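Reading through the structure tokens given below for one structure.
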Amino acid sequence: MQHSKPRDEPPVSSPSQPEPEDRDEEEDEYSFYATMAADVVSLEEAEEYWGVRMPAPVGDAADFFFNESDCMQGASLATLVYILTDPQPHTPANDPNLLDTFLLCFRSFCDPVELAKHEAWPAYQTSVKARVLRLISTWIDQYWIYERDRIAGLHIKEFMSLVDEEFLPYERAEIIRKLNDRREEAIALAPSGNSAEGSQPDETSGSSSRAACRQNPVQYKGRLQARAEKLIRKVSQPAPTDDELQWAKALDDLMCNSDNPIHILDMNSRELCQELARQLAIFMSDGYLRVIPEDLWYRFSMGHGCDVDTARSTQQTYENALASWVTGSILGQIEAETRAAVMTFFIALALRSHEYHNYSGMRSIYAGLTHPSLGSLSDLRLPLSAPAHWALDRLGGLKENMDVIALDGRGAALFPQPAVPAMDWYLDEFGNAINGKPLVVSPNTHRPIANLDRCYDVVRIIYEMEHWHVPYNHPRGDNVQGWLMKSLEGAIARDSDKQCDWMFKQSLTIEQTGRPESTKQKLPRLSNPFGKKNKPEWKPLPPLPLE
């Protein structure tokens, strides 16, 4: 940032101009009391009481316009910097998150060097100087991308050294220390043999030091982690009960001590089905917690594809694999009654997943249960009971209700925590917002300025995705987690085209012969775990509120 020369006197607005001989005395008195107030009251209280104002914006600094909802729709870079550094800006700004929105999205409409070299408004007043420091410190602490911002860091150091009379020595030293820390962090996390000072990152490398730090969580605590810890402290989860601990151990022992491969119907009891739903919620939550929504935005803003984000692609792969595993498990059964029993078990598992707010798992299981290859089977080949049909219809209604709420942007407000959202709830909307135009034409100057509508959309989606970063406190069964991963990886082993071909071939073989293509299976003992005959044991769930 280039610092403009301080004026000889601060611009204090007053209804009438004092006489020249009285002006110096009046301003000296104002400065004395303003400084005293800053020492005894908070910054916000001092500003409100003493009415500190900056000169009215002119030219680029006055270039902004609002939408029909009275939200700022477009603004120039000068306007945004003015609002963020002026204690009482003449430009209306009612968004308390404007600083975060600006620092998260400014690279999409201006270069970091352009911001760092921006001519700052006079910083001779304590409150203005504090806001300049706040903007710079927040940028470095929470939104610094070394590959993009390292040149801007040189200009920030120069700016701090040119205004020695404005900033205290410890303030300058703190900013320089933070910049040096970001540099050392980037060098330490750079791939072996590659300097962070060197060439631009390619498609396979981390798009930012934040992305690289994800591989070294012990060395890094960023904005997302701090907010997640705050969310965890706010969310009250009951401690696991003795029954939950007992059934977690029972299911884990079943996986560990069985001599034969575990069949899905080996868990064909109400308690074990409920425990498997808890373990599936932990499994899907673990994958979602590795997804950093801010990284998705940074990758797009730096020209990288979203597909190179390993955590996101892995989570979506497991969601798709869960659906394939459900369909394949049903089609792989030899007897028609066993086939129907497996499908009934998965219906119960999906309803339990909804009960534990594992919306990702519930949607994937429902997708597997409604695969066209299963719909092609006759009632003779898939003799599903009337209660199971009722439960499947109920599951479809819950799925549609959740999708409507999520797509309306009310999921974070209505769905409880902890929960596991479906990735495609946000990715399509996220992609549309990111691919929107970063600039709009100002109706005032007919020049391109920042599209704040797009910035607000991006921030809203990121905040909603981060809202779910609260882990479950269910007792974990390591053997169950390993069994789930092995089962899903078996479905991942086939690519999607081959998987669909296999499913339809299986359904055709079953419909013609009554048996799947492969018959090398262990037939489990059938039981009726869900209560009385022809009645579902689970309780009907009330519909989710739409308002």
Side-chain angles (χ1 to χ4, degrees), residues 277 280-281 283-285 287-289 291 293 296 306 309 311-327 343 346-375 388-436 456-470 472 488 496 500 538-547:
L280 181 61
F283 183 89
M284 301 303 290
S285 177
Y288 184 79
L289 292 177
V291 178
L296 301 180
C306 190
D309 188 279
R312 190 231 27 110
S313 59
T314 300
Q315 180 69 358
Q316 277 202 299
T317 299
Y318 278 122
E319 289 179 348
N320 296 332
L322 180 56
S324 299
W325 175 53
V326 170
T327 307
M343 187 167 183
F346 279 118
I347 294 173
L349 183 65
L351 289 172
R352 286 298 185 186
S353 295
H354 177 273
E355 180 182 335
Y356 294 123
H357 319 307
N358 179 11
Y359 306 120
S360 172
M362 180 266 227
R363 293 175 85 254
S364 295
I365 295 174
Y366 180 77
L369 293 170
T370 56
H371 193 276
S373 62
L374 294 179
H389 277 294
W390 173 88
L392 184 59
D393 292 340
R394 171 64 173 158
L395 198 59
L398 291 173
K399 185 259 183 190
E400 292 178 3
N401 198 13
M402 287 188 305
D403 289 350
V404 169
I405 293 175
L407 294 178
D408 283 349
R410 294 179 293 157
L414 295 181
F415 296 153
Q417 297 171 288
V420 187
M423 289 301 299
D424 59 359
W425 276 357
Y426 296 111
L427 284 181
D428 290 341
E429 191 177 4
F430 193 61
N432 291 335
I434 288 177
N435 293 327
Y456 287 133
D457 285 343
V458 170
V459 171
R460 175 185 61 81
I461 297 168
I462 288 177
Y463 276 19
E464 284 193 13
M465 294 182 71
E466 292 179 352
H467 174 79
W468 308 110
H469 276 250
V470 177
Y472 288 85
L488 296 182
S496 58
C500 288
W538 51 83
K539 296 180 180 180
L541 297 172
L544 290 173
L546 286 176
E547 294 296 337

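This structure is a prediction, so every number in the text was calculated from the model and none was measured.
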Original post:
Does some side-chain heavy atom of L280 sit less than 4.5 Å from a side-chain heavy atom of R352?
Top reply: no
**OP:** Indicate whether any N or O donor in one side chain lies under 3.5 Å from an N or O acceptor in the other, for W468 and Y426.
**Re:** yes
Original post:
Which value, rounded to the nearest 0.5 Å, describes the distance between L414 atom CG and D408 atom CG?
Top reply: 10.0 Å
Original post:
Considering residues at least two apart in sequence or located in another chain, which fulfil the ring-ring contact (aromatic ring centres under 6.0 Å, His included) criterion with Y356?
Top reply: H474
Subject >> Closest non-hydrogen atom pair between L488 and A321, with its separation >> reply: O-CB, 3.6 Å
**OP:** Could you label the plane-to-plane angle of the Y318 and F283 rings as parallel, tilted or perpendicular, counting under 30° as parallel and over 60° as perpendicular?
**Re:** perpendicular
Subject >> Heavy-atom donor-acceptor pair, H467 side chain to A413 backbone, under 3.5 Å >> reply: no
Original post:
Between T327 and G368, is there a donor-acceptor pair closer than 3.5 Å when you use the side chain of the first and the backbone of the second?
Top reply: yes
Original post:
Got M284 and E319 here, is their nearest side-chain heavy-atom distance under 4.5 Å?
Top reply: yes
Subject >> Taking every non-hydrogen atom, the tightest pair across A323 and A367 >> reply: CB-CB, 4.1 Å
**OP:** List the steps and the verdict of side-chain contact (heavy atoms from CB on, under 4.5 Å) for H469 and Y288.
**Re:** CA-CA 8 Å; H469 276 250; Y288 184 79; 3.9 Å; yes
Original post:
What is the distance from atom CE of M423 to atom OG1 of T314, rounded to the nearest 0.5 Å?
Top reply: 10.5 Å
Subject >> Those residues that, when tested against E464, pass salt bridge (Lys or Arg N to Asp or Glu O under 4.0 Å) (two or more places apart) >> reply: R460
Subject >> Listed partners of D424 passing salt bridge (Lys or Arg N to Asp or Glu O under 4.0 Å), at least two apart >> reply: R363
Original post:
Could you state the interatomic distance from CG (D403) to OH (Y359), rounded to the nearest 0.5 Å?
Top reply: 12.0 Å
Original post:
How far does CG of L322 sit from OG of S353, to the nearest 0.5 angstrom?
Top reply: 8.0 Å
Subject >> Nearest-0.5 Å distance, CG of residue N435 to CZ of residue F430 >> reply: 10.0 Å
Subject >> Candidate list Q315, H357, M362, test side-chain contact (heavy atoms from CB on, under 4.5 Å), partner V420, passing option >> reply: Q315
**OP:** Would you check if H371 and C500 make a side-chain contact, meaning some heavy-atom pair closer than 4.5 Å?
**Re:** yes
**OP:** Please examine the side chains of L351 and L398, heavy atoms only from C-beta on, and report whether any two atoms are closer than 4.5 Å.
**Re:** yes
Subject >> W425 vs M402 side-chain heavy atoms within contact, under 4.5 Å >> reply: yes
**OP:** Specify the closest pair of heavy atoms between N358 and G361, including all atoms of both residues, with the distance to one decimal.
**Re:** OD1-N, 2.9 Å
**OP:** Working to the nearest 0.5 Å, report the span between OG1 of T370 and CD1 of I365.
**Re:** 11.5 Å
